[in-house]
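In what follows, chains carry the letters A, B, and so on, assigned in the order in which the sequence lines appear, proteins first and then strands, with residues in each chain numbered from 1.
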Amino acid sequence: MPELPEVETVRLELEPILVNQKILSASLVDAIPAKKYQDLELAIGQTIKSVNRRGKFLILELSNNLELIIHLGMTGVIAFKEFEKHVRVKLELENNSLYFQDVRRFGRFLVVKAKDYKSMPTLHKMGPEPFSKQFTNKQFFTALQKSNTALKTYLLSQKPVAGLGNIYVDEALWQVKINPQTKAKDISLAKVKRLRKAIIEILQASIEAQGTTLNDYRTVSGEVGEYANQLNVYGHTGEPCPRCKTEIERIILGGRSTHFCPKCQNIN
DNA sequence: CGCATTTCCTGGTAGC
DNA sequence: TGCTACCAGGAAATGC
C-alpha cells in the first residue's frame, strides 16, 4: 500500500524520465469510476515541467498552468511497458509511453488547475512534508493538541504531517513506545519530539530500501521494495516484540488494523 | 464544526 | 472443483 516512501521512490524514478517530455496523447481503458479520471485531455500537447510529490500524491507540473495529479491508492503501479491486465491510463510521450495499472480502482489520475485542490479535501488540508523545515516540534505539538482522536487515527488523516499510512504509523509509534490509542492531545511535548524524529528516520530508511512491498507495490522498473524486511510490528501479530519479546497485538482502530506491543506501548 | 462510521473496489484465500 | 465469506486500506462520503 503506497505511502510516502513508496510514492517518493516512484517520483525519483519518474523525474529524469518525464521532465521536459511532451504528452502526445492520453487514453483511458476501463477507467471507472470516471470521477477519478477527469480532464486528461487538457494534458495533451503539454510539456511536463517537474515531477513533485505532496504526501502520497504525485503532482506533475504541466506547461499550461495545470497539474496532473496521480494517486496510487492501494494497488496503483506506473511503468513504461504494457501491463497484462487492469491498465487504466496510457500516456503517449515523445520518447516512450507511461502506463497506469490499478487493480482495485482506489487510485486517481486527473488534471486540475495548478494548486487548486478544493475538490480534494485531503490534499487541500494536508500538513507539512515530513522532510521540510515546516515540520517542527512546535508545529507538530500544536497540531496534535487540536485533536481528541486516537493518535494513530489522527496521524492517518494527513493533517498533522503528510504521507503516513497504516504501515509507517504503526512502526513509528512502536519505535517511540506510544500506544496508538492515546488521544493525540495527550501526547507530551517530549514524546512529540521523539515521534517527529522517528517519523523522519523511518520514512528515510524506507526510501533507501525503495519502500515496502507486501503485495502489489512495485517500483517503476518493476522491483519490489525491501523495507518489509525491517518492519518491527506491522503484520507481525502474535510474534515476539523485537525489544521485549511480548507478543505483538492487533486491534482495529478507526477501522484499520493496528499492530503494537502491549508492554512497550502500554497506556501511560 | 469535530469526530466516527461507512463506502468504494477486486484478488487472494480460508473453509467447506 | 466451485462456492461463499471475508480481508486488505487511502480518501471521500455520509451520519450524528
Side-chain angles (χ1 to χ4, degrees), chain A residues 1-10 28-38 53-59 69-78 83-89 100-110 112 116-127 130 142-173 180-186 203 206 211-218 224-225 228 231 233-238 250-260:
Chain A
M1 31 218 101
E3 306 178 27
L4 186 149
E6 292 74 34
V7 180
E8 179 63 11
T9 300
V10 169
L28 299 180
V29 188
D30 191 22
I32 299 168
K35 197 174 179 184
K36 297 184 174 179
Y37 295 90
Q38 288 195 343
R53 180 190 54 71
R54 188 75 175 91
K56 305 169 197 171
F57 291 79
L58 285 167
I59 302 181
I69 308 276
I70 304 173
H71 197 293
L72 301 177
M74 291 289 298
T75 56
V77 179
I78 291 172
F83 291 96
E84 283 187 26
K85 299 164 80 171
H86 308 300
V87 176
R88 310 298 175 200
V89 182
F100 179 61
Q101 179 197 51
D102 187 15
V103 173
R104 284 167 59 187
R105 303 178 188 274
F106 276 34
R108 272 176 285 174
F109 206 113
L110 43 91
V112 302
D116 183 9
Y117 306 139
K118 286 190 291 291
S119 62
M120 313 170 82
T122 303
L123 189 51
H124 192 55
K125 297 179 180 176
M126 190 170 281
T142 304
L144 295 182
Q145 285 290 107
K146 288 180 184 154
S147 176
N148 204 26
T149 309
L151 175 61
K152 164 165 180 166
T153 305
Y154 196 51
L155 290 172
L156 288 178
S157 77
Q158 310 297 301
K159 288 175 188 168
V161 61
L164 294 175
N166 212 31
I167 296 174
Y168 299 108
V169 166
D170 283 3
E171 292 298 313
L173 294 180
Q181 300 165 95
T182 314
K183 289 185 177 189
K185 67 170 164 190
D186 290 342
L203 294 177
S206 182
T212 299
T213 296
L214 297 175
N215 296 300
D216 304 281
Y217 163 71
R218 292 292 183 281
V224 297
L231 297 176
V233 285
Y234 185 89
H236 289 222
T237 312
R250 175 180 172 275
I251 59 171
I252 301 297
L253 201 52
R256 294 291 169 255
S257 277
T258 298
H259 313 73
F260 69 107

Sidechain-backbone polar pair: [X] side chain, [Y] backbone, donor-acceptor under 3.5 Å:
X: A/R53; Y: A/G55; answer: yes
X: A/Q158; Y: A/L164; answer: yes
X: A/T75; Y: A/R104; answer: yes

Roughly, in whole Å, what's the span from [atom1] in [X] to [atom2] in [N]?
X: A/Y234; N: C/dC7; atom1: OH; atom2: P; answer: 14 Å
X: A/Y117; N: C/dA11; atom1: OH; atom2: C1'; answer: 16 Å
X: A/M74; N: C/dG10; atom1: CE; atom2: C1'; answer: 8 Å
X: A/D216; N: B/dT13; atom1: CG; atom2: P; answer: 11 Å
X: A/Y217; N: C/dA8; atom1: OH; atom2: P; answer: 22 Å
X: A/L4; N: C/dG10; atom1: CG; atom2: P; answer: 13 Å
X: A/I252; N: C/dC6; atom1: CD1; atom2: C1'; answer: 12 Å
X: A/Y168; N: C/dG10; atom1: OH; atom2: P; answer: 11 Å

| DNA chain B: 5'-proximal contact among A/A150 and A/K125 (nearest heavy atom) |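 Going by which nucleotide is closer to the 5' end, it is A/K125.
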
For the atom pair [atom1] ([X]) and [atom2] ([Y]), what is the distance rounded to the nearest 0.5 Å?
X: A/F57; Y: A/M126; atom1: CZ; atom2: CE; answer: 5.0 Å
X: A/L4; Y: A/L203; atom1: CG; atom2: CG; answer: 5.5 Å
X: A/Q181; Y: A/I251; atom1: CD; atom2: CD1; answer: 3.5 Å
X: A/N148; Y: A/T153; atom1: CG; atom2: OG1; answer: 11.5 Å

Any base atoms under 4.0 Å from [X], or only sugar-phosphate, or nothing? Heavy atoms, all strands.
X: A/S257; answer: sugar-phosphate
X: A/F57; answer: sugar-phosphate
X: A/N148; answer: sugar-phosphate

| task | For side-chain contact (heavy atoms from CB on, under 4.5 Å), just list the numbers for A/L214 and A/I167, CA-CA rounded to whole Å, side-chain angles, deciding distance to a tenth of an Å, and then say yes or no. | result | CA-CA 10 Å; A/L214 297 175; A/I167 296 174; 3.7 Å; yes

Please produce a list of atom pairs where a protein N or O lies less than 3.5 Å from an N or O of nucleotides 6-11 of chain B.
| unit_1 | atom_1 | unit_2 | atom_2 | d |
| --- | --- | --- | --- | --- |
| B/dC9 | O3' | A/R105 | NE | 3.4 |
| B/dT10 | OP1 | A/R105 | NE | 2.8 |
| B/dG11 | OP1 | A/H86 | NE2 | 3.4 |

| query | In degrees, rounded to 10°, what is the bend between the two ends of the helix from B/dG2-C/dC16 to B/dC16-C/dG2, using five pairs at each? | reply |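 End-to-end axis angle for the helix from B/dG2-C/dC16 to B/dC16-C/dG2: 40°, rounded to 10°.
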
| Which residue lies more 5' along DNA chain C, comparing A/E3 with A/K35 via nearest heavy atoms | A/E3

| field | A/R105 with A/D30: basic N within carboxylate O range, under 4.0 Å | value | yes

| request: Side chain of A/R250 only, please: which of C/dA12, C/dC7, C/dG10 is the nearest? | output: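 Of the candidates, C/dC7 comes closest.
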
[N] phosphate, OP1 or OP2: any side-chain N/O from [X] under 4.0 angstrom?
X: A/Q158; N: C/dA11; result: yes
X: A/R108; N: C/dA12; result: yes
X: A/H71; N: C/dG10; result: no

| task | Any chance you could lay out the side-chain contact (heavy atoms from CB on, under 4.5 Å) test for A/Y217 and A/V10, step after step, and finish with the verdict? | result | CA-CA 10 Å; A/Y217 163 71; A/V10 169; 4.3 Å; yes

